[in-house]
Amino acid sequence: MKVVVDDIELDLPAGTSGLDAVFAAGRDVPYFCAHPYLSPVGACRMCLVESGSPRRNPDGTLVMEGEQPKIFWFPKPMAACTMQVTEGMHIRTAKTSDVVAKAQAGMMEFTLLNHPLDCPTCDKGGACELQDRAFEYGYGASRYGFDRRHAEKHFPLSDFVILDQERCIHCKRCVRYFEEVPGQEVLDFIERGGHTFIDTEEGGLPTGFQGNITDICPVGALLDNVARFRGRNWEYDHTPTTCTLCPVGCAITVDARNGRLERVVARENREVNEVWICDAGRFGHVFASEERLTRPLVRVKGELREADWDEAILAIRRGLGGLNPADLALYLNADSTLEEGAALEALAELIGTPSVDHWPRYGANVETTATLTDVATADAVVVLGADLGEEAPVLELRVLEMLRGGILPPEFPHGTAIADLRLVERPTRHPERLAVIGGAPRLSAHAGLRVTGGQRALARLLRPDTDELRAAAKLLAQAKKPVLILGADVLHSVSRELAAGLSDLVTRTGTKVLAIPAAPNSRGLAHLNLVPRAGGLGYDRLAEARAAFLSRLDPGRRARGFTIVHDTHLTATARLADVVLPAVTGYEKRGTTVNLEGRLLPLRQAALEAGEGADLIRTLTALAEALGVRTRIRGLKSAQALLAERLGVDVTDLPNSGVIRPLGRTFTAPTGLTFTPRLWKERMHPNPERRGSRVPDRADRIATWERTGQAGGDD
């Protein structure tokens, strides 16, 4: 349809909001309550525009003014976020309308009526939309001289989120987020009129996805307690990269200051996490800057002592002296990049060791055919033996999105639609589309069909023996776009017979399968030959190895012979090692990871202080030097060249959103171990007091008020 914005004619799809029409024209309009993934409600009234439309005569012809249709303008400016553009509509923004400019300045004045205006000291840290928009669209002075309203400040909603009620401008983003995205109605407005304030029910915020409200809050009302007081927005080095804490591969931005990782915020990837991340991804980053190993350690007279890399290489050469290099077992963590995996595979082949493995992994690889978008737009999903909260939290949000109808926001040249008018508050959900069999306790609350007991879940679904299981099988059979999600309880025990039965189910019902890998890059590393070869020792037989090299694995035991550990921290295994080499975290790497869909995603290096820490490629180069061999992979470029040969993919310039490419055959072997998914590791738990941002308890707050006296006056 034809729409004119500030005399710029546009051709827009039906259903476009006035807000997106303005941005499609390259013009600007301020907004606080609108958000691309939340329902538009017109709460803040900042996106005011003048609008007018042509009218028709009783005979259906247009009312003309000369040779052009006459435009009938609405008498007052309207909120663009809740207004749908129509054929021939004209819109005027503040750029061309003094009425709009005055109305927006007036609304800004009204919004700031009770705002505390503590911008110089606000712990939002310079990332405040209200501050930016007040500067652009406000009067610069207020006509209201009376005392501002005062409310409780620094009120802890949880260990991670702090609420400052004075700063809230009632945009309702956080309320709508909890209602519409994770489906947890825990925040709301209390009282009415000038007494309205926002609060939560007793018990605070639910764990899982609470941190997203700190990103979408347009003011300093909801704050990340792990990051507050750590720096100002302009002081951070912002690095767009991929989260490597679980197999989803969410897009994140890592903010570092003075070499420390101070904040992680969500970044949009429409195909993966949209714009949400889990609490572990947002708050569990403190390990990257605390208690790091920054120098190699060499065992001397029974004790680990600091050394430099030359001394460490010399110690490795002595320790492996006289040993056949083929007796050196090589093990790496399955969150390693593809490039690191290729480097380890190349070294293993060079020295001829059959003892190679990565962990965690499952003993069988199940082919995945579904994407996260397939899950969100499915008409039936069966979750089988999966605890999504521990294995892939954001996948749970995509399942909940499916229950809301799978409405994916359209994309314009200016980005994702800012106000998708198809999204509504308290959306209708379809629990009958979801069946949960075993596991997934949190998701079970949203399922129309729940079956307890994850043991033999796949075998029981293939041969249903209860009414509930028959209903789940029927759900897949009758759906047009069914998806089956397989979790750890199933993938631990996939036999050849079960795999054949699963293949038959997929063929018969057209079901797409999404198997959740055991680790962030298990799916990618499965395409490299990183499993025990004939006569080799798997990771479970580490203690039998004559010598071993472990990269960021902590089994709590060592090889019977010389042991080298490459890790970021002095773990229990590192304390048992003969040589410890400092490693870098997933935030400090360049490389490629493969998420649960098979999407190749780029990792980028944040500006963190890691001392002499090295990634696995550089460490293996040093190990090869100690062994007296020269490995083919000596850096990122040579590793990527090898990947192009091995997997037939070019990973040198991946887009931020990643790409899905076939990677060829997979390698598998029995593991001999049982893997239990656990998202939060011990070192990921933040200690606010240690970081200088301790949440004030009630006694602290009362003491503060007593010191300062009752607040009053226009501050």
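All values below come from the heavy atoms of this structure, side chains included, with hydrogens, waters and symmetry mates left out. Treat the numbers as computed from the prediction; the structure is a model and nothing was measured.
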Neighbour count >12 (heavy atoms, 6.0 Å) for atom CZ, Phe135: no
Sequence neighbours excluded, the answer for side chain to side chain contact (heavy atoms under 4.5 Å, CB included) partners of Leu62 is Pro54, Arg56, Met64, Pro69
Which atom pairs, one a donor and one an acceptor, fall under 3.5 Å between side chains of residues 99-112 and the rest of the protein, sequence neighbours left out?
residue	atom	partner	partner atom	Å
Gln104	NE2	Met46	O	3.4
Gln104	NE2	Leu48	O	2.9
Glu109	OE1	Arg143	NE	3.3
Glu109	OE1	Arg143	NH2	2.7
Glu109	OE2	Arg143	N	3.0
Glu109	OE2	Arg143	NE	3.0
Thr111	OG1	Met107	O	2.8

Run the side-chain contact (heavy atoms from CB on, under 4.5 Å) check on Leu601 and Asn269 step by step: do they pass? CA-CA 11 Å; Leu601 293 162; Asn269 185 341; 4.0 Å; yes
Who passes side-chain hydrogen bond (donor to acceptor under 3.5 Å, both in side chains) against Ser51, sequence neighbours left out? none
Which word best sums up how the rings of His414 and Phe23 line up, parallel for under 30°, tilted for 30 to 60°, or perpendicular for over 60°? tilted
To the closest 0.5 Å, what do you measure between SG (Cys243) and OH (Tyr587)? 5.5 Å
Check each of Arg260, His285, Arg263 against Asp255 using the side-chain hydrogen bond (donor to acceptor under 3.5 Å, both in side chains) test, and report the only one that passes. Arg263
Take Phe146 and Leu113 through the test side-chain contact (heavy atoms from CB on, under 4.5 Å) and record every step on the way to the result. CA-CA 9 Å; Phe146 50 80; Leu113 194 67; 3.6 Å; yes
Non-hydrogen side-chain atoms of Cys217 and Cys174 separated by less than 4.5 Å: no
State which residues pass salt bridge (Lys or Arg N to Asp or Glu O under 4.0 Å) with Arg133; sequence neighbours excluded, sorted by chain then number. Asp28, Glu136
Check against side-chain contact (heavy atoms from CB on, under 4.5 Å), Leu205 and Phe178: CA-CA 10 Å; Leu205 301 178; Phe178 273 113; 4.1 Å; yes
Check: Ser289 side chain, Leu261 main-chain N or O, donor-acceptor pair, under 3.5 Å: yes
Could you tell me whether Arg426 and Glu179 have a side-chain N and a carboxylate O separated by less than 4.0 Å? yes
Going by heavy atoms in the side chains, are Pro431 and His446 under 4.5 Å from each other? no
How long is the span from the CD atom in Glu268 to the CG atom in Asn656, to the nearest 0.5 Å? 11.0 Å
What pairs with Arg45 under salt bridge (Lys or Arg N to Asp or Glu O under 4.0 Å), at least two apart in sequence or on another chain? none
Once you measure the plane-to-plane angle for Trp73 and His90, does it fall in the parallel (<30°), tilted (30-60°) or perpendicular (>60°) bin? perpendicular
Spacing of OG1 belonging to Thr196 relative to CD1 belonging to Ile190, to within rounding of 0.5 Å: 10.0 Å
Only distances under 3.5 Å count here; give the side-chain donor-acceptor pairs of residues 7-18 to other protein atoms, sequence neighbours excluded, each with its distance to 0.1 Å.
residue	atom	partner	partner atom	Å
Asp11	OD1	Met1	N	3.3
Thr16	OG1	Pro13	O	2.6
Ser17	OG	Asp20	N	3.1
Ser17	OG	Asp20	OD2	2.9
Ser17	OG	Ala419	O	3.3

Test item: Arg173 side-chain N/O and Ala34 main-chain N/O as donor-acceptor pair under 3.5 Å: yes
Residue list, side-chain hydrogen bond (donor to acceptor under 3.5 Å, both in side chains) with Asp420, at least two apart or on another chain: Arg422
Per the salt bridge (Lys or Arg N to Asp or Glu O under 4.0 Å) rule, what does the pair list look like for residues 71-83, sequence neighbours excluded? none
Which residues satisfy the salt bridge (Lys or Arg N to Asp or Glu O under 4.0 Å) test with Arg398, sequence neighbours excluded? Glu274, Glu401
Going by atom types only, do Arg282 and Asn212 share a side-chain donor-acceptor pair under 3.5 Å? yes
Side-chain contact test, heavy atoms from C-beta onward, threshold under 4.5 Å: evaluate it for Pro36 versus Pro409 and give yes or no. no
For Thr96, give me all partners under side-chain hydrogen bond (donor to acceptor under 3.5 Å, both in side chains), at least two apart in sequence or on another chain. Asp6
Would you give the length of the straight line joining atom CD of Glu396 to atom CD of Glu390, rounded to the nearest 0.5 angstrom? 10.5 Å
Is there a donor in the side chain of Glu271 and an acceptor in the side chain of Thr373, or the other way round, less than 3.5 Å apart? yes
More than 12 non-hydrogen atoms from neighbouring residues, nucleotides or ligands closer than 6.0 Å to NZ on Lys681, yes or no? yes
Sequence-distant partners of Arg292, salt bridge (Lys or Arg N to Asp or Glu O under 4.0 Å), two or more places apart: Glu588
Is it true that Arg228 and Asp164 have a side-chain N and a carboxylate O under 4.0 angstrom from each other? no
Counting C-beta onward and ignoring hydrogens, is there a side-chain heavy-atom pair between Val264 and Val226 closer than 4.5 Å? no
Donor-acceptor under 3.5 Å (Thr242 side chain, Pro602 main chain): yes
Interatomic distance, CG@Asp237 vs OG1@Thr253, rounded to 0.5 Å, equals 12.5 Å
Sequence neighbours left out, what passes side-chain hydrogen bond (donor to acceptor under 3.5 Å, both in side chains) with Ser97? Give chain and number order. Glu50
What is the distance from atom CG of Leu388 to atom CG of Leu679, rounded to the nearest 0.5 Å? 11.5 Å
Steps toward side-chain contact (heavy atoms from CB on, under 4.5 Å) verdict (Leu395, Leu372): CA-CA 7 Å; Leu395 175 57; Leu372 290 165; 3.5 Å; yes
Near Asp98 CG, under 6.0 Å, is it more than 12 heavy atoms from other residues, nucleotides or ligands? no
Considering only heavy atoms from C-beta outward, does the side chain of Ile91 approach that of Met83 to under 4.5 Å? yes
